[in-house]
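Some notes on the structure that comes next.
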Amino acid sequence: MSKPQHFHFVLLLSTVVVALAAIANATAATSITPRFKEAPSFYNSPDCPLIIDENHGFSILFSDQAVHVAMTLDTAYIRGTVAAILSILQHSSCPQNIAFHFVASADASLLRATISSSFPHLNFLVYPFYDSSVSRLISTSIRSALDCPLNYARSYLANLLPSCVHRVVYLDSDLVLIDDIAKLAATPLGDNSVLAAPEYCNANFTSYFTSTFWSNTYFSWTFANRKACYFNTGVMVIDLDRWREGDYTTKIEEWMEVQKRMRIYELGSLPPFLLVFAGNIVPVDHRWNQHGLGGDNFIGLCRDLHHGPVSLLHWSGKGKPWARLDANRPCPLDALWEPYDLLQPKTPFALDS
């Protein structure tokens, strides 16, 4: 074979290899993303405000009149995210006035297409989150799932979302709402508070930090003059303007840098939030975060509901309802999540009598 022929053959072969690799990658990406059926359409009730802005077509996404919801988006939890979205829309009086802001660190185009196909009329944007922006600060925790960089995206919402979005409800992907999210979004934050969340002052707050932390006078004085209580960061109402003004992302990162040097806590992205905000938040009624339904972080045992009314069910902890349903080993409360599952086809399940 002459040199020109050899060159063209190599070039053709390289082109074929690249094309096959692209097909393989697309096939692999498709195979790891579940397929979901299209959700029903949801419409505003007659008394909902009409949001109109002649300057751009995406008026809902940038309007103060909208309810802004932020969530992370990834292939591992996409099934939970889809269920959460459906539950929010289904129980909202003004579903067309909800703007969703999704943060994704990988497969953004594929995940965007998945959301669009299940919710063709959803008002949403997807924001890229680069793992490198936080991975250098992450320390290993008691459960590897907690070490995913995307778990820390909630600390960067004020940087990621446009400055015209002033308030947002942050929600984890392992929950469903059974009440109108507008009620939660309207939580008064007072004159100074940056965020609101359900507090749990009966929890043993000291257990969230190591003996290294409590034995250091400088660190332990962090909570002086603060009635510091545990709160779950999976449900928060955040004033993004106040967050930006106070540069709270930097404050959280500073504690993460301390953790890298001295191991002052064990539980992933939660303790830095507690260090910065515990004792300084607006408490929200517990009905808005019936958390812990996934069990503990080691075994994932079944849990019961806490006493009182319920507006939001949260499967925080190791066990996720979709995994237990697929394994045909559901907890009783997983049956409350299942009606929002749009996966197709679904694995049949049975609850023990």
Worksheet item: Under 4.0 Å between a Lys/Arg side-chain N and an Asp/Glu carboxylate O for K183 and D285?
Response: no

Practice prompt. Mind telling me whether Y230 and Y200 have parallel, tilted or perpendicular rings, with 30° and 60° as the class edges?
Written response: tilted

Fill in: Sub-6.0 Å ring centroid separation between F205 and F223
yes

Discussion item. Using the ring-ring contact (aromatic ring centres under 6.0 Å, His included) definition, which of the options Y170, Y127, F129, F124 pairs with F102?
Written reply: F124

Discussion item. For H166 and D239, which I'm curious about, is there any donor-acceptor pair between the side chains at under 3.5 Å?
Written reply: no

Practice prompt. Flag the pair H121 / F42 as yes when their ring centroid distance falls below 6.0 Å, and as no otherwise.
Written response: no

Worksheet item: For the residue pair W243 and F277, does the interplanar ring angle fall in the parallel (under 30°), tilted (30 to 60°) or perpendicular (over 60°) class?
Response: tilted

Item to complete: Verify whether the ring centers belonging to H306 and H291 lie closer than 6.0 Å.
Response: yes

Worksheet item: For the rings on Y340 and W322, is their centre-to-centre separation under 6.0 Å?
Response: no

Discussion item. With a sphere of 6.0 Å drawn around CG of D304, does it hold more than 12 non-hydrogen atoms of other residues, nucleotides or ligands?
Written reply: no

Worksheet item: For atom NZ of K260, is the number of surrounding heavy atoms from other residues, nucleotides or ligands below 6.0 Å larger than 12?
Response: yes

Worksheet item: With respect to E254, which candidate in I252, T250, V258 satisfies the side chain to side chain contact (heavy atoms under 4.5 Å, CB included) definition?
Response: T250

Discussion item. Whether the E253 and Y152 side chains hold a donor-acceptor pair (N or O, under 3.5 Å, no angle test) is what I'd like checked.
Written reply: no

Worksheet item: Got a sec: does the CG of N202 have more than 12 other heavy atoms crowding it under 6.0 Å?
Response: no

Worksheet item: What pairs with T114 under side-chain hydrogen bond (donor to acceptor under 3.5 Å, both in side chains), at least two apart in sequence or on another chain?
Response: none

Practice prompt. May I have the step-by-step check of side chain to side chain contact (heavy atoms under 4.5 Å, CB included) for W255 and V276, ending in yes or no?
Written response: CA-CA 9 Å; W255 280 114; V276 174; 3.8 Å; yes

Practice prompt. Compute whether any side-chain donor of one residue and acceptor of the other, for S93 and D180, lie under 3.5 angstrom apart.
Written response: yes

Worksheet entry | Residues which pass side-chain hydrogen bond (donor to acceptor under 3.5 Å, both in side chains) with S311, listed by chain and number, not counting sequence neighbours | D179, R287

